[in-house]
Number of protein chains: 2
Amino acid sequence: MEFAPKSTYRALNTYTKLMRAAESVTSRVHRVLSAPKLTISQFGVLEALFHKGPLCQKDIAAKILKSTGNITLVIDNLEKQYLVRRKRDNEDRRFLTIHLTEAGTNLITKVFADVEASIAFEMASLTEDEQELLGNLCKKLGLKGG
Amino acid sequence: MEFAPKSTYRALNTYTKLMRAAESVTSRVHRVLSAPKLTISQFGVLEALFHKGPLCQKDIAAKILKSTGNITLVIDNLEKQYLVRRKRDNEDRRFLTIHLTEAGTNLITKVFADVEASIAFEMASLTEDEQELLGNLCKKLGLKGG
DNA sequence: CCGGTATAGTTTAACTTTAAATCGTATCGT
DNA sequence: ACGATACGATTTAAAGTTAAACTATACCGG
């Protein structure tokens with residue numbers, strides 16, 4: 001071990017716990033996606049469209065924190081499964097607006113409910129007040145920058 | 001939107017904040033790795049060896065939550081850069097023990113200090129007590145299961 | 001209208017990741 | 001000792017990811 005001030009040890013310790021909690025919870029939540037054979041990115045795209053309505057690819061990329069090149073591929077794969085449809089915007093022909101198909105809507109409705117239930121189950125380790133508190137602390141942490 | 005109980009909304013909300021905080025903090029911390037041209041997995045391996053001493057590949061895989069097949073490749077790449085060395089265990093020839101080289105030790109010593117500083121900077125958004133609190137809440141969350 | 005510039009999306013190359021099949025080695029029960 | 005089984009590591013194939021180069025479209029100033 002090195003010679004770091006106490007505050008650094010505490011920071012490191014908290015950071016590690018934060019990361020472990022995030023990993024551990026997500027990895028359990030994401031198990032729900034294996035049955036419908038969705039990747040995490042695919043789920044992210046479907047969920048974004050489900051909750052925000054039709055979006056262009058750039059907005060989707062920003063929402064799920066992936067590159068636009070990657071979104072092209074993810075949308076390709078979702079389109080092959082008839083879960084979404086690309087539609088060229090006639091106002092500005094550079095844009096493609098991505099819509100959920102009926103099949104896509106049905107799938108994400110079901111899968112999102114499962115994910116939601118899984119998250120509720122995971123968070124039930126904490127009381128209502130603890131959840132509020134955790135949420136506030138996380139918010140404070142996330143705000144800092146980029 | 002669906003018809004979920006209030007507790008589910010709260011859970012979802014807290015979950016989202018937890019994930020955003022984790023992503024946002026790690027993405028900033030990981031910027032430190034671009035200069036030494038280390039991938040996150042490579043850093044994870046070096047750091048594990050740095051703090052735990054020589055380990056076999058399976059243990060490394062468990063530590064950084066990657067598949068053993070992946071570890072084979074990550075170690076290959078680190079070995080090409082002369083940062084680690086494989087050594088066959090003579091007690092049980094199935095095991096390869098991975099050691100840091102001197103170059104590897106030097107590199108990770110420097111890089112880990114940078115990462116540590118970056119983490120300390122990030123966590124400084126929270127007071128000492130808030131960090132303790134966050135750590136405890138995260139611990140509670142992570143414990144639940146596998 | 002025209003030329004420059006910006007933007008949305010696609011393509012490509014390089015790399016990481018995983019799951020599954022495989023190889024070699026060790027262990028256990030008989 | 002033998003066969004079954006388990007285990008560590010490697011290989012392979014398929015997929016996801018990014019950065020960078022590229023295409024097509026739009027906008028803006030003159």
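Quick caveat, the model's predicted, so the values are computed rather than measured. Here is how names work: the chains are called A, B, and so on, in the same order as the sequence lines, proteins then strands, and each is numbered from 1.
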Whole-Å distance separating the [atom1] atom of [X] from the [atom2] atom of [N]:
| X | N | atom1 | atom2 | result |
| --- | --- | --- | --- | --- |
| B:Leu33 | C:dT16 | CG | C1' | 15 Å |
| B:Asp76 | D:dA9 | CG | P | 13 Å |
| B:Leu65 | C:dT16 | CG | C1' | 16 Å |
| A:Asn77 | C:dT10 | CG | P | 13 Å |
| A:Ile64 | D:dT17 | CD1 | P | 7 Å |
| A:Lys37 | D:dA15 | NZ | C1' | 12 Å |
| B:Lys66 | C:dA19 | NZ | C1' | 15 Å |
| A:Ile71 | D:dA19 | CD1 | P | 13 Å |

**Asked** Judged by modelled atom types alone, do B:Thr16 and B:Arg20 share a side-chain donor-acceptor pair under 3.5 Å?
**Response** no
> Are A:Lys110 and A:Asn106 linked by a side-chain donor-acceptor pair shorter than 3.5 Å?
Replying inline: no
For D:dT18, take OP1 and OP2 only and decide whether either is under 4.0 Å from a side-chain N or O of A:Asn70. yes
Does OP1 or OP2 of C:dT17 have a side-chain N or O of B:Ser41 closer than 4.0 Å?
yes
Which nucleotide in [options] has an atom nearest any side-chain atom of [X]:
| X | options | answer |
| --- | --- | --- |
| B:Thr72 | D:dT10, C:dT10, D:dG16 | D:dT10 |
| B:Thr68 | C:dT16, C:dT17, D:dA9 | D:dA9 |
| A:Val74 | D:dG8, D:dG16, D:dT17 | D:dT17 |
| B:Gln42 | C:dT16, D:dT18, D:dT11 | C:dT16 |

Ordered by number, residues from residues 84-100 of chain B within less than 4.0 Å of DNA chain D (heavy atoms) are B:Arg86, B:Arg94, B:Phe95, B:Leu96
Heavy-atom nearest nucleotide on DNA chain D taken for A:Thr39 and for B:Gly69; more 5' hit belongs to B:Gly69
**Report entry** Under 3.5 Å: donor-acceptor pair, side chain of A:Arg88, backbone of A:Arg93
**Finding:** yes
Indicate yes or no for a side-chain donor-acceptor contact from A:Glu116 to the backbone of A:Ala113 under 3.5 Å, with no hydrogens or angles considered. no
Less than 6.0 Å separating the ring centroids of B:His51 and B:Phe112? yes
Salt-bridge test for B:Asp76 and B:Arg86: reply yes if a basic N is under 4.0 Å from a carboxylate O, no otherwise.
yes
Flag the pair A:Arg85 and A:Glu79 as a salt bridge only when some basic side-chain nitrogen lies within less than 4.0 angstrom of an acidic carboxylate oxygen.
no
> With sugar-phosphate meaning primed atoms plus P, OP1 and OP2, does A:Leu73 contact a base, only sugar-phosphate, or nothing at under 4.0 Å between heavy atoms?
Replying inline: base
